[in-house]
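Throughout, protein chains are lettered first and strands after them, A, B, ... in sequence-line order, and every chain is numbered starting at 1. It should be emphasised that the depicted structure is a prediction, and the values quoted were computed from it without experimental measurement.
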Amino acid sequence: MAASLQSAVFLSNRIDPHRRLFASPARSLPGTKGSILVVRSDGRISGRLSGRNLITNAVAVECCFTKADTPTSSTDSKPGHELLLFEALREGLEEEMDRDPRVCVMGEDVGHYGGSYKVTKGLAPKYGDLRVLDTPIAENSFTGMGIGAAMTGLRPVIEGMNMGFLLLAYNQISNNCGMLHYTSGGQFKIPVVIRGPGGVGRQLGAEHSQRLESYFQSIPGLQMVACSTPYNAKGLMKAAIRSDNPVVLFEHVLLYNLKERIPDEEYVLCLEEAEMVRPGEHVTILTYSRMRYHVMQAAKTLVNKGYDPEVIDIRSLKPFDLYTIGNSVKKTHRVLIVEECMRTGGIGSSLRAAIIDNFWDYLDAPIMCLSSQDVPTPYAGTLEEWTVVQPAQIVAAVEQLCQ
Amino acid sequence: MSRLPWYMYRKEWYTSVPDGLQRPRLTQKSNSDDLLQREVSFNCPDLLRRNLTVAELGLSPVAGRAGPRRSQGTGSSPSDRGGFLHESQTPRAVGDTGGRRGGVRALKFVGEVVLEPCRGIAVEFLSLTDRGDDPEMFGPEDPNWKFGSEPTITVETSVPFTGHKIDPPSRSVETTPSELLSFFREMSLMRRMEIAADSLYKSKLIRGFCHLYDGQEAVAIGLETSITKKDAIITAYRDHCIYLARGGTLVEAFSELMGRRAGCSKGKGGSMHFYKKDSGFFGGHGIVGAQVPLGCGLAFAQKYLKEGTVTFSLYGDGAANQGQLFEALNISALWDLPAILVCENNHYGMGTAEWRAAKSPAYYKRGDYVPGLKVDGMDVLAVKQAAKFAKEYALKNGPMILEMDTYRYHGHSMSDPGSTYRTRDEISGVRQERDPIERVRKLIFSHELATASELKDIEKEVRKEVDDAIAEAKESPMPDPSELFTNVFVKGFGVEVSRNTCMSFGADRKEVKAILP
């Protein structure tokens with residue numbers, strides 16, 4: 001973020017009013033407990049709170065995707081509060097619903113049941129049935145209804161119980177959600193957030209382990225983000241709700257129980273920005289969502305073997321943050337993309353094309369892309385394991401790249 | 001129609017003072033009936049003793065025309081004038097002050113019985129969309145406006161309403177002369193526009209898909225009459241006339257059809273994507289049936305924001321078989337949304353007749369637990385009555401289905417001749433017996449509201465208006481190439497794209513390029 005701001009000022013000599021939202025953290029929104037904190041993607045903090053030692057980049061190398069190792073006894077001394085990823089999503093959602101009465105949530109079992117992954121637990125008693133809406137199992141129509149409501153100014157957050165179910169609503173998402181702003185000549189904006197868990201879980205079967213990033217990525221007018229930690233989950237949720245564009249927020253079924261410490265202050269992350277997880281020198285590893293943790297596991301092994309990988313969580317699947325990625329490529333000259341999407345037509349293939357188009361001269365080796373196999377996810381545990389990319393494969397790929 | 005037709009907007013009707021006469025000005029609160037009577041008493045000394053009503057004076061409300069044809073003649077027939085005339089009066093034109101916002105054409109009537117409203121009439125011609133912000137304009141938006149001196153005409157609809165799980169409204173509909181004349185004018189305008197679009201398509205100025213609405217105009221006009229601009233209408237791709245009814249201009253419509261910059265969607269939408277946000281017209285959708293969940297979402301927002309308005313989601317008999325419709329209906333009924341689903345049943349889903357596509361072609365009954373009403377969609381007064389009834393119902397009780405039994409003369413679109421799946425006899429039969437414009441014409445004649453020549457004049461005027469609009473739309477330029485990338489995203493979070501430097505981040509990037517310092 002800092003880099004992008006710097007370059008923007010450098011090149012355009014103009015301050016965009018939207019950028020100021022991030023550049024001046026002294027401004028606090030009404031009704032919030034604290035002031036907005038601007039946290040740069042490389043970990044620097046700006047604003048008057050910069051003196052405090054906030055844990056901004058909380059996903060340390062040791063953090064596995066199964067559980068966190070933070071001892072609970074020292075929680076009082078550290079700033080911020082610890083919570084699980086689904087709680088972070090809920091916090092973000094709740095803060096936005098408090099802030100703007102037009103935000104509503106619609107989905108299956110989000111209300112009285114509390115959400116199938118507890119993301120919306122407690123919201124229905126607090127906000128009532130009109131703002132946290134239990135819909136029947138009719139994705140096509142309730143997505144359409146969310147879009148229709150957004151056309152008049154409401155800001156619905158549409159939850160698909162599993163991303164795969166949103167395929168039923170694909171027509172509404174593609175034609176109405178993505179295109180209405182354009183085909184109406186700018187008259188209508190569609191500030192919806194479409195969110196839901198996707199990805200390969202624990203033997204959920206083929207139809208419940210779908211990765212829809214590849215299907216949605218070419219819809220014009222749609223923005224896609226994928227969260228991976230509680231910190232960026234909350235920040236991206238808030239940014240997505242505040243954005244006037246339709247945003248699809250990809251969560252992952254297996255990441256809901258990640259625990260992390262996040263700041264108490266209100267913060268919003270940039271939707272189009274990538275996150276530098278681990279700076280390095282030898283190879284750039286681009287990843288998102290659950291694969292971040294596989295990569296970090298592999299990074300441990302790689303560090304032991306003497307490699308210094310730079311790990312970037314791209315977060316923004318559409319559009320790509322080519323700025324951060326480009327700077328990284330410029331530094332390391334080798335790229336490895338690790339994703340959970342399918343090999344054919346996935347995010348990795350688009351990213352690869354984008355990097356080749358822009359940074360060809362900086363590359364010393366062909367871009368390697370590790371993605372899931374082009375098969376329906378099998379039920380058997382061992383087979384499922386081999387559908388997705390494992391840390392061992394990542395280590396082997398890095399070794400091959402760095403020869 | 002929530003707009004008055006042009007000849008009703010007579011600013012000076014009640015305010016101009018004839019020579020040497022004291023006249024009470026029409027105040028906001030006065031009943032226009034009273035005013036007319038008072039004015040009569042002022043002007044006719046021998047009648048001072050009592051107030052006469054309009055009828056007693058031997059007057060009849062007549063549609064006026066504003067047109068340059070009204071000329072220097074004396075001896076124009078009494079029916080040429082506007083307002084209420086006594087036979088002794090003859091019109092005399094005093095000049096045409098032209099100007100847009102219509103043109104203001106002044107007419108003065110001289111006669112012995114100087115009836116106030118007929119004396120200094122300045123007829124202010126307004127285009128269909130130009131309501132004007134004139135504070136002196138009296139119109140239905142003014143809560144104290146009464147049509148007053150206009151008699152109400154009660155008409156029975158041709159066919160009674162059929163209800164499903166609801167008591168249908170009565171067959172008698174009230175209307176006024178000016179409303180009927182406005183129906184005639186507006187429907188003729190729509191008819192003319194669609195026929196002009198037909199010829200434009202054949203001369204390749206309109207490309208792609210063009211779905212024409214002629215034959216179904218009564219639905220658009222009837223709906224519009226009973227609702228306000230705050231109520232929302234959403235429809236599918238047969239949207240040109242509904243766009244006009246909602247307040248769109250002819251120029252915008254034709255420009256959009258021809259893909260020009262002046263179009264309502266800046267040329268980027270096309271025939272199937274007409275929208276008008278400020279008057280509650282939400283389009284304009286290409287995928288069959290997808291607009292119905294959107295419409296229910298609009299109703300949801302109206303309920304959420306407590307607006308007290310309703311949404312009419314229009315769809316066709318082909319879309320009535322879409323699952324998402326029933327899904328949306330279920331949700332609307334569950335949540336009591338003010339959504340009215342209007343099935344414009346023109347009996348053909350492109351090339352498939354309704355009996356071949358639907359096991360149950362009684363679309364108004366398909367809602368099951370949701371009440372429905374079957375309406376003769378070629379009768380504008382029936383549509384008006386049904387829309388009013390539905391709005392009242394939906395605001396209290398939740399969704400309702402209206403089935404409009406209507407017909408389209410053209411094929412499904414311009415690429416469909418329309419005669420391979422139906423006979424020409426059927427088309428001409430409906431045109432003879434059920435044409436909405438003819439019906440209104442007959443009503444006008446039977447109540448002697450205008451003569452045939454006056455209606456012909458209106459048609460000629462309408463034709464000219466459409467031709468002028470087409471000419472103006474043809475002048476409009478094509479969109480700029482940079483418009484390709486505008487309106488894809490709304491500027492928001494993220495960094496702005498600077499065109500010269502081709503930064504690639506930010507949602508609205510124009511090129512996928514990054515330049516590193």
> Taking everything shown except B:F209 itself, do over 12 heavy atoms lie less than 6.0 Å from its CZ?
no
> Of the non-hydrogen atoms in B:F281 and A:F188, which two are nearest, and what is the gap between them?
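That closest heavy-atom pairing would be O-CZ, 3.8 Å.
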> As a quick check of understanding, evaluate side chain to side chain contact (heavy atoms under 4.5 Å, CB included) for B:V488 and A:H181, giving each step before the final call.
CA-CA 6 Å; B:V488 180; A:H181 188 62; over 6 Å; no
> Is there side-chain contact between B:N330 and A:P136, with heavy atoms separated by less than 4.5 Å?
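A side-chain contact under 4.5 Å exists here.
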> Kindly say whether B:A301 contributes a backbone atom to a donor-acceptor pair with the side chain of A:T152 at under 3.5 angstrom?
no
> At a heavy-atom distance under 4.5 Å, which candidate from B:I234, B:L329, B:V292, B:L484 has the highest pair count against chain A?
B:L484
> With heavy-atom distances below 4.5 Å as the criterion, would you say the side chains of B:E327 and A:F142 are in contact?
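Of all side-chain heavy-atom pairs linking A:F142 with B:E327, none is under 4.5 Å.
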> Considering only heavy atoms, give the residues of residues 334-343 of chain B separated from chain A by less than 4.5 Å, sorted numerically, with 'none' for an empty result.
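Listed by number, the contacting residues are B:L334, B:W335, B:L337.
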> Applying ring-ring contact (aromatic ring centres under 6.0 Å, His included), can you list everything that pairs with B:Y243, at least two apart in sequence or on another chain?
B:F274
> If we only count heavy atoms from C-beta on, is the B:Y275 to A:T183 side-chain gap below 4.5 Å?
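The answer is yes; the side chains approach within 4.5 Å.
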> Atom CE in A:M145, atom OG in B:S332: separation rounded to 0.5 Å?
5.0 Å
> Could you check whether any side-chain heavy atom of A:L154 comes within less than 4.5 Å of a side-chain heavy atom of B:L305, counting everything from C-beta outward?
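Yes, at least one pair of side-chain atoms sits under 4.5 Å.
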> Identify which part of B:I287 has an atom lying under 4.5 Å from any heavy atom of chain A, answering side chain, backbone, both or neither.
side chain
> If you count heavy-atom pairs within less than 4.5 Å of chain B, which of A:M151, A:K189, A:M179 leads?
A:M151
> Can you check whether A:Q223 reaches B:F489 side chain to side chain, under 4.5 Å on heavy atoms?
yes
> Between A:L180 and B:H285, is any pair of side-chain heavy atoms under 4.5 Å apart?
yes
> If you compare all heavy atoms of B:K277 against all heavy atoms of A:Q187, which two are closest, and at what distance to 0.1 Å?
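Heavy atoms of B:K277 and A:Q187 come nearest at N-OE1, 2.8 Å.
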> Has B:E472 got more than 12 heavy atoms of other residues, nucleotides or ligands less than 6.0 Å from its CD?
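Open: at most 12 neighbouring heavy atoms sit under 6.0 Å from CD of B:E472.
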> Stepwise, does the side chain to side chain contact (heavy atoms under 4.5 Å, CB included) test hold for A:S141 with B:F326?
CA-CA 9 Å; A:S141 51; B:F326 297 97; over 6 Å; no
> Can you name the closest pair of heavy atoms from B:A290 and A:N171 and give their distance?
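Minimum heavy-atom separation between B:A290 and A:N171: CB-ND2, 3.5 Å.
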> Who pairs with A:Y182 by side chain to side chain donor-acceptor pair (under 3.5 Å), at least two apart in sequence or on another chain?
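If we apply the side chain to side chain donor-acceptor pair (under 3.5 Å) test to A:Y182, skipping adjacent residues, there are no hits.
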> What part of A:P101 gets within 4.5 angstrom of chain B, counting heavy atoms only: side chain, backbone, both, or neither?
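Only the backbone of A:P101 comes within 4.5 Å of chain B.
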> Less than 4.5 Å apart, any side-chain heavy atom of B:P293 and any of A:N140?
no
> Taking 4.5 Å as the heavy-atom cut-off, does anything in residues 307-325 of chain B contact chain A, and if so which residues?
B:Q324
> With distance as the sole criterion, is a donor-acceptor pair present between the side chains of B:Y304 and A:R131 under 3.5 Å?
yes
> How about NZ on A:K331, more than 12 heavy atoms from neighbouring residues, nucleotides or ligands closer than 6.0 Å, or not?
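Above 12, so yes.
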> Can you confirm whether A:Q172 sits close enough to B:L294 that some side-chain heavy atom of one is under 4.5 Å from a side-chain heavy atom of the other?
yes
